[in-house]
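Following: one structure in structure tokens, then a few remarks.
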Amino acid sequence: MTTTAQTPALDAPHPLDDALVDTYRAEGHVVVPGLATAAEVTAYRPVISAATMRYTTEKRALADRDTYGRAFLQVTNLWRRDPEVARFVLARRFAGVAARLLGVERVRLYHDQALYKEAGGGRTPWHQDSLYWPFDTDLTVTMWMPLVDVTPETGGLEFADGSHTSRALSDVAISDAADEHFDRVIAARGFRVTGTGPMVAGDASFHAGWTVHRALPNRGAAVREVMTVIWVADGVPVAEPRNAHQAADLACWLPGHTPGDPVDGEFNPLLP
């Protein structure tokens, strides 16, 4: 796959204060302000948005979808489909922050996801990402970067602080039932719920794979445009799938891999 030079390189390291690293490791999430500049977001936003709309398969009206369907338009592995999106997803700057938060030298790309919450789009229920991933590790992290300014009103994130240290807290997939389950877990365990607050385009929220989190509904008039990138520490092996979701992810994102193999396929380049 070749890339173009129409979008800026995102290679320059981003200094990360020790306090942000400490917050991530204690709470399971942290916001890194200004990880991309306004000019960089301006360059990449139309590229990512055009690819998202080109490849989305969701054609139903919001009213005709279930809770998960109303949460967002979701398109994955855009980096494999568009060379300019690949410049964003494979950015050394972003992967460098991910590695620093995880405390490792290098990371492997797992996959990307565009998450576009339409005007009037519903909540994204409480969930843990690692329920879906065929890894038995704490060393995974997701970057959630808005390409437009985001407020709680337009669908910001909320987290159960420290929930990542408990690892698996449910086997319920994203749904109304998951919301009900995690409401009970959060109350029973006394987890504090913290939101990202307002975010400027180019800020980035990072959260661990086991961190319980959700996104609020979009009560604004425009689409909440977010691009996410997921990494796993280099050297982590594939685990035996524990549910159908993990088996599907293994087949999709790690074709040809079996339990015990390192995560090192062509879909999982080494970064930074």
- Do R123 and R214 have side chains that get closer than 4.5 Å, going by heavy atoms? no
- salt bridge (Lys or Arg N to Asp or Glu O under 4.0 Å) with E118: which of R224, R70, R65? R65
- Would you indicate whether the side-chain heavy atoms of F191 and V212 approach each other to under 4.5 Å? no
- Query: Short question: side chain of H213, backbone of T211 - any donor-acceptor pair under 3.5 Å?
  - Reply: yes
- Check whether any side-chain heavy atom of Y110 lies under 4.5 Å from a side-chain heavy atom of T142, and answer yes or no. no
- Message: Are there over 12 heavy-atom neighbours, none belonging to E105, within less than 6.0 Å of that residue's CD?
- Response: no
- Message: E40 and salt bridge (Lys or Arg N to Asp or Glu O under 4.0 Å): which single residue from R93, R87, R45 fits?
- Response: R93
- Task: For residues H164 and D138, determine if any side-chain heavy atom of one lies less than 4.5 Å from a side-chain heavy atom of the other.
- Result: no
- Does any non-hydrogen side-chain atom of F72 lie less than 4.5 Å from one of V226? no
- Query: Do P146 and W144 come within less than 4.5 Å of each other through their side chains, counting heavy atoms only?
  - Reply: yes
- Given the options T194, T196, L101, H29 meets side chain to side chain contact (heavy atoms under 4.5 Å, CB included) only with T194
- Query: Within a reach of under 6.0 Å around CZ of R92, are more than 12 heavy atoms found that belong to other residues, nucleotides or ligands?
  - Reply: no
- Task: Without swapping roles, check the side chain of D234 against the backbone of R108 for a donor-acceptor pair under 3.5 Å.
- Result: no
- Message: For F94 and F88, I'd like to know if the aromatic rings sit close, meaning centre-to-centre distance below 6.0 Å.
- Response: yes
- For side chain to side chain donor-acceptor pair (under 3.5 Å), just list the numbers for E225 and S49, CA-CA rounded to whole Å, side-chain angles, deciding distance to a tenth of an Å, and then say yes or no. CA-CA 8 Å; E225 303 169 23; S49 293; 3.0 Å; yes
- Just one of I230, N77, V75, T52 clears the side chain to side chain contact (heavy atoms under 4.5 Å, CB included) bar with Q113, so which one? I230
